[in-house]
Amino acid sequence: MTSTLLVVQFILAVLLTISILLQKSSSMGLGAYSGSNESLFGAKGPGNFLTKATMILGLVFVLNTLFLGYLYNENRQKSAVDNVKTESLIPATPEAPQAPIAPTPALPTAPAVPTVPTTK
């Protein structure tokens, strides 16, 4: 949620900067390079429209900033370490170390002794 609002914050900052720079000022700002703004925005020019757009963008920017501050303040006490499951990292009961088992040498086998059947 906070990452989405942060992206919206960047977009609002860019739009707000553009709307401020396009407004008519004593030095004409960037509005002098945009051509005939008067015909696009009506007889009064871009002043009224850009003033309202700047006011709305500024209000949304401030509200988004306050909401982002609230969300980041809520997550202030949480840590990334709290999300790690310790049960998966450390076994509950330690296992006893097992001694290596030495292989037993194969005992030599004696040749089979033939048995003689006895008759009685």
Side-chain angles (χ1 to χ4, degrees):
M1 176 75 170
T2 55
S3 60
T4 305
L5 288 177
L6 194 59
V7 170
V8 169
Q9 187 78 357
F10 285 127
I11 293 171
L12 284 172
V14 169
L15 291 176
L16 191 60
T17 304
I18 290 171
S19 70
I20 289 172
L21 289 176
L22 285 177
Q23 286 187 20
K24 191 174 191 179
S25 65
S26 61
S27 64
M28 287 295 291
L30 288 179
Y33 302 112
S34 62
S36 61
N37 286 335
E38 286 79 10
S39 62
L40 179 64
F41 293 105
K44 292 195 175 194
N48 199 15
F49 172 76
L50 286 176
T51 304
K52 289 179 184 178
T54 304
M55 185 66 177
I56 291 171
L57 283 173
L59 180 66
V60 173
F61 182 82
V62 169
L63 290 176
N64 194 27
T65 303
L66 290 174
F67 193 59
L68 271 172
Y70 174 76
L71 288 178
Y72 280 124
N73 192 30
E74 288 293 316
N75 293 332
R76 180 174 51 118
Q77 299 296 330
K78 295 178 184 175
S79 173
V81 177
D82 296 337
N83 295 336
V84 176
K85 295 181 182 179
T86 56
E87 294 83 23
S88 64
L89 300 176
I90 302 171
T93 57
E95 297 177 7
Q98 298 177 354
I101 300 172
T104 57
L107 298 174
T109 57
V113 179
T115 56
V116 178
T118 56
T119 55
K120 290 190 181 178

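Nothing fancy with the numbering, it's 1 onward along the sequence. For the numbers below, each heavy atom of this structure counts, side chains included, while hydrogens, waters and symmetry mates do not.
A distance of 13.5 Å separates CG in Leu15 from CZ in Phe10, rounded to the nearest 0.5 Å. To the nearest 0.5 Å, atoms CD1 (Ile56) and OG1 (Thr51) are separated by 11.0 Å. Between the OG1 atom in Thr65 and the CG atom in Leu12 there is a gap of 8.5 Å [rounded to 0.5 Å]. One finds the CG atom of Leu50 at 11.5 Å from the CD1 atom of Ile18 (value rounded to the nearest 0.5 Å). In this structure, Leu66 CG and Leu71 CG are separated by 11.0 Å, a value rounded to the nearest 0.5 Å. Considering CG of Leu16 and CG of Leu21, their distance stands at 9.5 Å, rounded to 0.5 Å.
Residues Tyr70 and Met1 fall within the same hydrophobic cluster, defined by Ile, Leu, Val, Met, Phe, Trp and Tyr side chains chained together at heavy-atom separations under 4.5 Å. Taken together through direct or relayed side-chain contacts under 4.5 Å among Ile, Leu, Val, Met, Phe, Trp and Tyr, Leu63 and Leu57 form parts of separate hydrophobic clusters. Residues Phe49 and Met55 fall into different hydrophobic clusters, defined by Ile, Leu, Val, Met, Phe, Trp and Tyr side chains chained together at heavy-atom separations under 4.5 Å. Linking ILVMFWY side-chain heavy atoms closer than 4.5 Å, directly or via other members, places Ile20 and Val60 in a single hydrophobic cluster.
Side chains of Phe67 and Gln9 form no contact here, defined as non-hydrogen atoms less than 4.5 Å apart.
A pairwise comparison of heavy atoms in Asn64 and Val8 identifies ND2-CG1, 3.7 Å as the closest pair.
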Could you give me the CA-CA distance, side-chain angles and deciding distance for Leu6 and Thr2, then say whether side chain to side chain contact (heavy atoms under 4.5 Å, CB included) is met? CA-CA 6 Å; Leu6 194 59; Thr2 55; over 6 Å; no
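Partners of Thr54 according to the side-chain hydrogen bond (donor to acceptor under 3.5 Å, both in side chains) rule, which considers only residues two or more places apart in sequence or in another chain, are Ser19, Gln23.
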